[in-house]
Amino acid sequence: MKAISPRRFSVSNCRCLSSHAAARINHHPQIQCIPGPTNFTSHLHGDALISFIKSASGKPHLLEIHAHLIRKFLFEDAIFFSAFLFRVALPPLHDLAYACRLFSKFRKPDFFQYNIMIRAYGMSDSPGNGFQLYQEMLRSGVSPNSLTSSFVTNCCIKSGSFFGGLQIHARILRYGHQSDGRLLTTLMDFYSSKEKYSDACKVFDEMSHRDTIAWNVLISCYMRNRRTRDALRAFDIMQSSYDCQPDDVTCLLLLQACANLNALAFGEGVHRYCEEHGFDKAMNICNALITMYSRCGCIEKAFEVFKGMTEKDVVSWTAMISGLASNGYGRDAIEAFREMQNAGVSPDYQTFTGVLSACSHSGLLDEGRMVFNSMSKEFGIPPNIHHYGCVVDLMGRAGMVNEAYNLINSMKVRPDATIWRTLLGACRIHGQADLGEQVIEHLIELKAQEAGDYVLLLNIYSSHGDWDKVINVRKMMKDRGIQTNPACSTIEFRGEIHEFVANDFSHPRKTEIFEMLDEINQQLRIAGYVAETMSELHNVGVEEKQIALSYHSEKLAIAFGVLSTPPGTSIRVAKDLRICVDCHNFAKMLSAVYNREVVIRDRNRFHHFREGRCSCNDYW
DNA sequence: ATAGGGTTAG
């Protein structure tokens with residue numbers, strides 16, 4: 001009622017429906033007319049009625065307006081009806097059932113009223129109906145404007161209807177709506193949601209003017225389609241353009257991209273940009289910064305951001321805890337967990353995932369069990385599959401593979417592929433072939449077996465020297481059409497991301513890189529490095545194995561790092577799969593012989609190599 | 001008489 005001018009409405013007039021009438025309305029939601037003495041709407045007409053409808057809040061007011069429109073024979077008056085429908089269909093009320101009844105009663109809806117309904121459907125849990133209504137609109141000869149296209153595109157995004165969206169795109173062109181930048185942004189988002197990256201780009205290219213939001217949609221499209229490097233490039237182009245500048249959303253997206261790519265230098269650039277524009281005060285940006293720095297292996301920087309925050313929420317604490325965990329600071333993570341509680345921030349289920357993973361990464365078996373037991377008892381958070389996964393990992397690494405197997409079988413939730421895979425990894429460490437075979441059976445049952453799973457099983461057999469079984473598994477993989485994807489390692493150099501796969505001959509500086517790798521291999525061998533051949537797949541000669549190992553993607557990336565940076569510079573490599581035993585030894589030795597800090601982030605965690613030692617004591 | 005687009009962190 002705040003918005004109503006006191007000149008027109010005295011306070012005493014401003015009362016809602018009588019409780020008697022309200023009770024009846026509750027019983028008869030289809031009610032069309034409310035009899036009885038007129039209330040504060042009675043003398044309203046024209047502009048005053050319009051502004052009253054606009055300021056109406058809550059259903060009782062709208063019902064009263066409904067009654068008023070009927071009483072004054074204004075229900076079929078498009079102006080009042082539109083304003084009324086707008087209030088009913090859209091938030092805050094957003095009563096779609098009521099809006100539908102109104103709409104179906106209205107004799108000849110115009111485009112504006114259709115637009116309201118289509119937009120309302122786009123925000124409801126039945127967005128497909130919006131598309132239906134759009135088609136009905138076309139059938140009844142009402143022409144859509146560019147807003148209609150925008151709302152119905154949104155319906156297609158929400159309902160996931162690809163062909164619907166294509167149809168809309170064709171109509172946009174037919175009706176000449178393509179000059180509307182906002183509409184095209186929505187259209188880009190549609191293609192992006194369908195992972196049609198190149199179509200989204202095509203729309204973007206055809207836009208005559210691109211504002212910050214259009215760029216942000218493009219960047220989020222790049223990220224959804226795993227074209228993270230293009231996302232970084234877009235940031236550079238935006239910064240050098242005159243008409244639009246990156247905003248906080250852009251930075252949020254980019255920090256995520258940097259975290260994925262291990263692009264520390266670029267991430268620092270985004271950090272500076274945030275400082276220059278005052279975004280670094282925002283909680284979400286700070287939390288994203290913490291994640292970016294810790295995913296890039298810079299836990300000190302992450303902590304600096306964390307310390308500088310005036311206010312910290314669960315997300316900040318959890319980001320810090322998970323960052324400490326993945327960087328091998330298990331005890332500090334648990335300490336941070338304690339501090340968080342002292343600071344009066346209560347943990348949620350993701351915090352526990354962080355704490356438990358800290359325990360599993362640092363081999364803190366007792367602490368992990370204690371936390372696991374306390375979470376439902378003390379905090380009322382029942383463990384989910386991720387929590388179980390951490391504990392399975394923890395027990396598995398400690399060699400308690402059978403106990404871990406029993407734990408999985410005792411879970412209330414259905415085990416997923418990831419948890420079986422975790423156990424399979426533990427079987428690999430402890431050479432448990434029998435249990436490994438059982439686990440593979442579970443994965444097959446889930447139809448989730450991947451190349452990596454068979455590789456683990458192969459590793460188990462080959463470490464036993466069980467070559468018959470190795471051949472069997474390889475045959476099985478061939479029969480089932482399972483192919484191994486080559487692992488990929490990335491390294492950042494001067495703000496560019498360089499990508500390597502095993503035996504990769506595509507890099508422009510390939511000759512130098514291979515020469516450098518040979519040189520490194522020789523030097524390391526002098527220092528006592530012996531290539532680890534146990535985990536290789538084939539039953540091939542020792543010579544052959546050593547050759548196959550020497551061109552692993554992480555070694556190529558490291559060689560490139562040694563080649564392109566001055567002595568003493570840290571080498572940071574990200575790998576999409578797990579680092580292998582041999583590359584682990586290689587990096588460890590290199591950190592001593594070449595006196596370089598080497599940081600490798602693999603699929604699971606960080607490995608910090610310094611002076612011939614690694615932050616994780618054992619290889620995994 | 002007249003509405004719309006991106007990110008929501010771990």
For this session: Take nucleotides 2-8 of chain B nucleotide by nucleotide from the 5' end and write B, S or -, depending on whether a protein heavy atom sits under 4.0 Å from the base, only from the sugar-phosphate, or from neither.
Result: BBBBBB-
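Between A:Phe266 and A:Leu254, some side-chain heavy-atom pair lies under the 4.5 Å cut-off.
In this structure, OG on A:Ser124 lies 7.0 Å from CG on A:Asn129, to the nearest 0.5 angstrom.
At a threshold of 4.0 angstrom between heavy atoms, the contacts of A:Thr353 with the nucleic acid are absent. Note on A:Met188: nothing from the nucleic acid sits closer than 4.0 angstrom, heavy atoms only. Within the nucleic acid shown, A:Ser322 comes within 4.0 Å of sugar-phosphate atoms alone, with no base atom in reach, counting heavy atoms only.
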Just list the side-chain donor-acceptor pairs under 3.5 Å for residues 132-143 of chain A, sequence neighbours left out, or say none.
{"from": "A:Ser140", "atom 1": "OG", "to": "A:Tyr114", "atom 2": "OH", "distance (Å)": "3.3"}
{"from": "A:Ser140", "atom 1": "OG", "to": "A:Glu136", "atom 2": "O", "distance (Å)": "3.0"}
{"from": "A:Ser140", "atom 1": "OG", "to": "A:Met137", "atom 2": "O", "distance (Å)": "3.2"}

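Sorted by first and then second residue, the pairs that involve residues 83-97 of chain A and meet side chain to side chain donor-acceptor pair (under 3.5 Å), not counting sequence neighbours, are A:Lys59-A:Asp95.
With salt bridges taken as basic N to acidic carboxylate O contacts below 4.0 Å, none links A:Lys108 and A:Glu76.
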